[in-house]
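Just so it is clear: chains get the letters A, B, ... in the order the sequence lines come, proteins before strands, and each one is counted from 1.
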Amino acid sequence: MTDSSKDDSSAQNPDLAVSPDMLKDFASEQCLLKECISEQNTQSWQRLRRAATSSSPWTNPVYADWSVLRYVGGLDLSCPKDDQKRACAALVVTELPSLKVVYKDFITDRVNVPYVPGYLGAREYPLMGRVLERMRKQCPEQFKPQVLLVDGNGILHPRGCGSACHVGVKEKMPCVGVAKNFYRLPKWEASFEDNIRGRLSAGITDDMVDLEHDGKIVGKAVRLSKNSGKPVYVSVGSNIDLDTAVWVVKLCSKYRIPEPIRQADLYSRRIIASGGTILGDGTDCGGGVTDLPSCVGEPEEPNHKDTIHRY
DNA sequence: GCGACAG
DNA sequence: ATCTTGTCGC
């Protein structure tokens with residue numbers, strides 16, 4: 001291994017490319033999935049829109065027909081800065097109303113699809129699907145998530161099928177897309193994000209604003225933290241309606257990023273940072289998790305330059 | 001040619 | 001996505 005082989009300049013993504021033909025395949029898959037997206041509430045907790053409270057009974061619910069929302073999953077994927085071909089998918093299950101983590105798991109493996117804007121699901125879903133598959137087998141029944149929050153968009157997407165739709169349709173689960181950054185659809189004017197941010201910080205309206213596209217509300221920009229003027233962008237993945245999706249997101253939020261996603265993000269990032277173990281997994285559950293040095297329980301909101309800007 | 005562009 | 005230090009506020 002001479003130093004020439006480790007040249008950093010040529011390094012970032014040595015090869016992970018995707019041909020135009022491949023992208024077409026991805027796009028047609030999205031169009032097929034799109035037909036399977038449901039924006040209806042079918043579960044009783046969705047219809048009643050009831051969440052667990054500290055006084056809720058401690059019985060272990062079978063999530064499918066329980067009338068109270070108690071367990072929310074968060075999915076995220078991280079990768080090493082110098083190697084797009086490896087990634088870590090993390091799933092975390094959070095309990096309401098405490099927002100404590102009761103189950104977490106990750107899978108690290110090779111990923112052969114690069115990140116291409118508009119095709120995130122093609123890159124991230126396969127690994128997420130594997131971590132969900134293991135959840136079905138290994139997660140204690142009483143901790144199984146009733147809804148999943150995915151780091152990315154749902155139907156707020158150029159073809160109406162973001163990564164959260166891949167998850168929701170393929171897993172047949174209520175699923176919500178939560179994007180940290182604005183994805184401007186082609187028909188939206190360049191200044192649309194600024195308009196939204198302006199409306200939110202002006203406090204004229206609410207703490208959220210509708211995102212309309214072709215006469216349909218495809219998502220909402222929601223400001224979840226008083227400490228940040230920056231919203232997240234919530235949209236339907238599948239098997240839930242938008243208002244209920246926003247309701248869930250708000251229920252799970254202490255900071256700008258909803259806890260399930262934030263915890264999954266911290267977890268996957270930590271696995272990546274711990275280096276060495278590039279192939280592996282790590283199921284953990286039951287609340288008293290002893291895994292890597294604990295990555296739960298951040299005392300305060302992460303430091304940010306995104307302080308609220310008003311004038 | 002240049003910028004934009006969920007993660 | 002990832003890299004970074006200090007810094008401001010409760």
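- The residues E133(A) and R130(A) are annotated as not salt-bridged, no charged nitrogen and carboxylate oxygen being separated by less than 4.0 angstrom.
- Aromatic pair Y71(A)/F143(A): centroids less than 6.0 angstrom apart.
- At whole-Å resolution of the value, CD1 in I272(A) and P in dT2(C) are 8 Å apart.
- Between E189(A) and R184(A) there is no salt bridge, since no side-chain nitrogen of the basic residue lies less than 4.0 Å from a carboxylate oxygen of the acidic one.
- Distance CG (L75(A)) to C1' (dA6(B)): 15 Å, rounded to an integer number of Å.
- DNA chain B lies under 4.0 Å from at least one heavy atom of each of the following residues of residues 178-194 of chain A: A179(A), K180(A), N181(A), F182(A), Y183(A).
- Using a 4.0 Å heavy-atom cutoff across all strands shown, Y125(A) reaches no nucleic acid atom at all.
- Here ring-ring contact (aromatic ring centres under 6.0 Å, His included) pairs that include residues 108-129 of chain A, with residues two or more places apart or in two chains, number zero.
- Counting only Watson-Crick or G-U wobble pairs whose defining distances are both under 3.5 Å, DNA chain B contains no stem of 3 or more consecutive pairs.
- Taken together, the pairs of DNA chain C form no segment extending over three or more consecutive Watson-Crick or G-U pairs closer than 3.5 Å at both contacts.
- Applying the ring-ring contact (aromatic ring centres under 6.0 Å, His included) rule to pairs touching residues 153-176 of chain A yields nothing, sequence neighbours excluded.
- Here the C1' atom of nucleotide dA1(C) and the CZ atom of R270(A) are 19 Å apart, to the nearest Å.
- Looking at D207(A) and K250(A), a side-chain N of the basic residue comes within less than 4.0 Å of a carboxylate O on the acidic one, giving a salt bridge.
- Taking 4.0 Å as the cut-off between side-chain N and carboxylate O, D83(A) and R86(A) count as a salt-bridged pair.
- Salt bridge K216(A)/E39(A): present, at least one basic N to carboxylate O contact under 4.0 Å.
- E29(A) meets the salt bridge (charged side-chain N to carboxylate O under 4.0 Å, His left out) test with K170(A); sequence neighbours excluded.
- With dC3(C), dG7(B), dA1(C) as the choices, the nucleotide that has an atom nearest any side-chain atom of S78(A) turns out to be dA1(C).
- One atom, CZ of F26(A), and another, P of dG7(B), lie 19 Å apart when rounded to the nearest Å.
- G177(A) comes within 4.0 angstrom of nothing in the nucleic acid, heavy atoms only.
- One interatomic measurement links the two molecules: CG of D151(A) to C1' of dA1(C), which rounds to 10 Å at whole-angstrom precision.
- Side-chain atoms of Q46(A) come within 3.5 Å of backbone atoms of T42(A) as a donor-acceptor pair (strictly under, hydrogens ignored).
- Between R269(A) atom CZ and dT4(C) atom C1' the separation is 13 Å, expressed in whole Å.
- Whole-Å rounding puts the N153(A) CG to dC5(B) P distance at 13 Å.
- Look at CD on E124(A): it is 9 Å from P on dA1(C), rounded to the nearest Å.
- Aromatic ring pairs are classed by plane angle as parallel below 30°, tilted from 30° to 60° and perpendicular above 60°; the pair Y233(A) and F182(A) is tilted.
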